[in-house]
Amino acid sequence: MSKIDEVKELTEKGKQKLIAEAVQGALDEGAAPTAILDTMIDAMAAVGEKFKKSEIFVPEMLMAAHTMKKGVEVLQPLLAGGASTSLGTCVIGTVSGDLHDIGKNLVSLMIESAGFTMVDLGVDVSTDKFIEAINSTPECKVVALSCLLTTTMPALSDSVKGLIDAGMKDKVKIIIGGAPITQDYANEIGADGYAEDAASAAELAKSIIA
Ligand code: B1M
């Protein structure tokens, strides 16, 4: 089995202690960091499918998540390009009630590589916390909201509405994303932009402030 296949298998099985070595092994075999990342994202999709079919449960899903995080740690310096100019600050967080942060962390990493300074508020972030962070960051240009659950889409919508009502659109661009989110939904709730994945989110953040 190639090391990159091993990375997929270990991620799916939640083998946290073995993943760093396997990721390094895949790099040593010549696999591109983005290919290894995509493999881990595929593994998480497979984990999600198994969960949906009740073949695995929350603890296994959590172990896979921890494993992916450890794998991403090895790739992080290689994925972060390190832009030379600063484009301003981007406040990022996962919306209220939602604890998923792997996608948000990747989006944060890519936006940072595009040249932004990141203020990461973590998960389960209330609208007030987003507003507070924007207000206390004068150089804030973008706020990025991540949402992974259909059940937290109303929280995303409420947050965008709350940000608009608080006059934040005069200060920052609001961008959103996450597995259940679409461009139509972004238009519907009044966000300034939507991106499907981490790389597109970085492109969007750059283009939206231009
Ligand atoms: Co959760 N979970 N989970 N889970 N989980 C999903 C999302 C699910 C699809 C699994 C399934 O049923 N197939 C399902 C949601 C179903 C739905 O909403 N219709 C689900 C469920 C149901 C739940 C619970 C309710 C389970 C329960 O308790 N019964 C529960 C909810 C907890 C809560 O949040 N309140 C729950 C819990 C968890 C864990 C804590 C165990 C764990 C998360 C750990 C963590 O993140 N630290 C977990 C995991 C790991 C998953 C899956 C398996 C993997 C998610 C992931 O990290 N993917 C997921 C299944 C799946 O996604 N297919 C699932 C990899 C990551 C790189 O992709 O996050 O999509 P993703 O991010 C992408 C894009 O979405 C996008 O870019 C990223 C990178 O390309 N993106 C943005 C994300 N944010 C963006 C923001 C942007 C732009 C793009 O702009 C701002």
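Residues: numbered from 1 along the sequence shown. First listed ligand is number 1; within each ligand, the first listed atom is number 1.
- No side-chain donor from either of Ser108 and Asn105 sits under 3.5 Å from a side-chain acceptor of the other.
- Which parts of ligand 1 touch Ala195 is read off a 4.0 Å heavy-atom cut-off, strictly below it: atoms 88 (C), 89 (C).
- Contacts with ligand 1 closer than 4.0 Å are made by heavy atoms of both the backbone and the side chain of Asp101.
- Take atom 1 (Co) of ligand 1 and draw a sphere of radius 2.8 Å; the protein N/O/S atoms inside it number 1.
- Protein non-hydrogen atoms do not reach within 4.0 Å of atom 62 (O) of ligand 1.
- The side-chain contact (heavy atoms from CB on, under 4.5 Å) check on Thr150 picks up Met153, Pro180, with sequence neighbours excluded.
- The hydrophobic clustering, which links ILVMFWY residues whose side-chain heavy atoms are closer than 4.5 Å, places Ile102 and Met110 apart.
- Neither the backbone nor the side chain of Val123 comes within 4.0 Å of ligand 1, counting heavy atoms alone.
- At least one donor-acceptor pair under 3.5 Å links the side chain of Asp98 to the backbone N or O of Leu148.
- Note that atom 9 (C) of ligand 1 has no protein non-hydrogen atoms nearby, at separations under 4.0 angstrom.
- Contact annotation for atom 24 (C) of ligand 1: protein absent (non-hydrogen atoms, distance under 4.0 Å).
- For atom 74 (C) of ligand 1, the protein comes within 4.0 Å by at least one heavy atom.
- Between Ile41 and Met68, the closest heavy-atom pair is CG1-CE, 3.9 Å.
- Ligand 1 places these atoms under 4.0 Å from at least one heavy atom of Ala144: 91 (C).
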